[in-house]
Number of protein chains: 2
Amino acid sequence: MHGAGWCYRRFKDEGFRLTIPRQAILDVFNQNSKHLSAEEIFLLVHRNYPGVGLATVYRTLDLLTQMGIIFKSDFGDGCSRYELADEATKGHHHLICTRCGRIIDYSDFIEKEEKFTKELETELSQKYKFKINSHQIHFYGLCDKCQ
Amino acid sequence: MHGAGWCYRRFKDEGFRLTIPRQAILDVFNQNSKHLSAEEIFLLVHRNYPGVGLATVYRTLDLLTQMGIIFKSDFGDGCSRYELADEATKGHHHLICTRCGRIIDYSDFIEKEEKFTKELETELSQKYKFKINSHQIHFYGLCDKCQ
DNA sequence: AATGAAAATGAAAATCATTATCAGTTAATA
DNA sequence: TATTAACTGATAATGATTTTCATTTTCATT
């Protein structure tokens with residue numbers, strides 16, 4: 001992942017400050033699994049920084065999303081979930097179990113997917129004059145345990 | 001689209017009743033554009049059936065979703081949106097403008113997409129023992145007016 | 001190091017979509 | 001027609017997210 005220096009510069013360049021709460025939230029993303037909800041992030045941050053409030057977590061998640069550092073998704077479980085938008089998770093490919101809510105990330109077949117989405121993005125951009133920045137593919141069904 | 005008789009039978013077979021409020025809600029889907037929110041559906045139903053309550057709309061949308069008649073999506077604008085899950089909209093392909101929230105349905109390149117998703121579904125099903133029922137592809141970016 | 005302005009914060013209240021409750025209504029079946 | 005279960009509207013409750021506001025922090029400039 002990117003170093004702290006890179007982040008600091010990005011914040012500074014856009015007129016924001018890389019404060020302690022914001023660093024703490026970024027650390028959570030670097031140290032934990034993906035698909036974290038605001039509440040989960042709040043609790044994880046709370047371990048080391050009990051003073052950080054939930055509103056700040058929401059505000060920071062919003063900011064990081066706008067900056068393109070994290071990606072916000074909705075898997076239908078009643079709250080938004082966030083994950084790092086770095087290279088490794090660029091495509092946001094998920095299998096979502098509609099019974100238990102489990103989310104599986106797959107990172108196989110990415111080459112094939114990249115090829116397909118690149119082509120489609122080019123065609124859609126032209127036809128609809130739409131500037132595509134990212135995409136998301138969700139497969140819904142039943143996981144092994146729920147069948 | 002399917003006739004009323006088909007719907008009636010489906011409801012009956014599964015132990016549900018095709019009541020006036022439910023018919024009114026189905027009519028809304030057959031007569032209006034897609035991506036309707038619960039609130040929008042409530043208002044449209046309200047024109048002809050002022051007695052139908054919002055809770056019933058939510059309950060019916062839930063039922064129709066479970067029955068697979070409509071499809072529930074989240075486009076990140078704070079509420080769930082619903083559309084008919086008939087053949088024409090099977091794939092749920094959307095371009096979502098992250099600035100103005102506009103949603104564009106595309107129905108081009110569906111053949112290519114079908115081929116891709118079929119292949120991927122087969123491979124993912126095998127690898128993750130996941131029974132895939134549906135999928136959703138969202139492209140996020142800026143529409144022509146927002147660039 | 002002191003200062004001033006803008007950005008950021010925590011706590012609490014407010015908002016808003018959705019869900020649960022409950023008493024009354026409707027529809028299918030015996 | 002009586003019984004039963006499904007369904008309903010109105011309302012209250014819930015829970016995630018946003019807003020408010022007074023206070024604190026940060027940073028560029030003295």
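Chain naming here is simple, since letters A, B, ... match the order of the sequence lines and numbering starts at 1 in each.
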Among residues at least two apart in sequence or on other chains, which ones pass ring-ring contact (aromatic ring centres under 6.0 Å, His included) with B:Phe42? B:His46
Rounded to the nearest angstrom, tell me the gap between atom CG in A:Asp62 and atom C1' in D:dT18. 10 Å
Most 5' of B:Val57 and B:Gly15 on DNA chain D, judged by nearest nucleotide: B:Gly15
Interatomic distance where CG belongs to A:Leu61 and C1' belongs to D:dT17 [whole Å]: 11 Å
What nucleotide, of D:dT19, C:dT9, D:dT25, holds the atom closest to the side chain of A:Arg22? C:dT9
Could you check whether any side-chain heavy atom of A:Ile96 comes within less than 4.5 Å of a side-chain heavy atom of A:Tyr140, counting everything from C-beta outward? yes
With hydrogens left out and only the distance checked, is there a donor-acceptor pair under 3.5 Å joining B:Arg59's side chain and the base of C:dA20? no
Hey, can you pull the donor-acceptor pairs under 3.5 Å for the side chains in residues 69-79 of chain A, sequence neighbours left out?
unit_1	atom_1	unit_2	atom_2	d
A:Ser73	OG	A:Gln136	NE2	2.6
A:Asp74	OD1	A:Gly76	N	2.7
A:Asp77	OD2	A:Arg81	NE	2.8
A:Asp77	OD2	A:Arg81	NH2	3.1

Over how many whole Å does the gap from B:Phe16 atom CZ to D:dT4 atom P extend? 22 Å
For residues B:Tyr106 and B:Ile137, determine if any side-chain heavy atom of one lies less than 4.5 Å from a side-chain heavy atom of the other. yes
Calculate the interatomic distance between A:Leu36 atom CG and D:dT17 atom P; express it in whole Å. 13 Å
Show the nearest heavy-atom pair for residues B:Tyr128 and A:Asp105, with the distance to one decimal. OH-O, 4.2 Å
Here the distance between atom P of C:dT26 and atom CD1 of B:Ile20, to the nearest Å, is 11 Å
Distance check needed: D:dA13 P versus B:Leu54 CG, whole Å only. 17 Å
Is the phosphate of C:dT18, meaning OP1 or OP2, less than 4.0 Å from a side-chain N or O of B:Tyr58? yes
In dot-bracket, 5' to 3', how would DNA chain D read with Watson-Crick or G-U wobble pairs under 3.5 Å, [ ] for crossing ones and | for pairs to another strand? ||||||||||||||||||||||||||||||
Centre-to-centre under 6.0 Å for A:His138 and A:His93, is that the case here? no
Using only side-chain N and O atoms of B:Thr19, determine if any of them is under 4.0 Å from OP1 or OP2 of C:dA27. no
A:Ser37 near the nucleic acid: base, sugar-phosphate alone, or nothing, with a heavy-atom cut-off under 4.0 Å? nothing
Within the distance-only criterion (no hydrogens, no angle test), does the side chain of A:Glu119 pair as donor or acceptor with the backbone N or O of A:Phe116 below 3.5 angstrom? no
Any idea which of D:dA16, D:dA28, C:dT9 is nearest the A:Cys79 side chain? D:dA16
Rounded to whole Å, the CD-C1' distance (A:Glu14 to C:dA7) equals 15 Å
Test: A:Lys127 and A:Glu123 ion pair at under 4.0 Å: no
Does A:Lys12 place a side-chain N or O at less than 4.0 Å from the phosphate oxygens OP1/OP2 of D:dA28? yes
When the nearest nucleotide of DNA chain C is assigned to A:Phe11 and to B:Ala38 on a heavy-atom basis, which residue is associated with the more 5' position? A:Phe11
Nearest listed nucleotide, side chain of A:Thr56, among C:dT9, D:dA10, D:dC27: C:dT9
Separation of D:dT8 atom C1' from B:Gln23 atom CD, nearest Å, is 15 Å
So which nucleotide from C:dT18, D:dT17, C:dA8 ends up closest to the side chain of A:Arg17? C:dA8
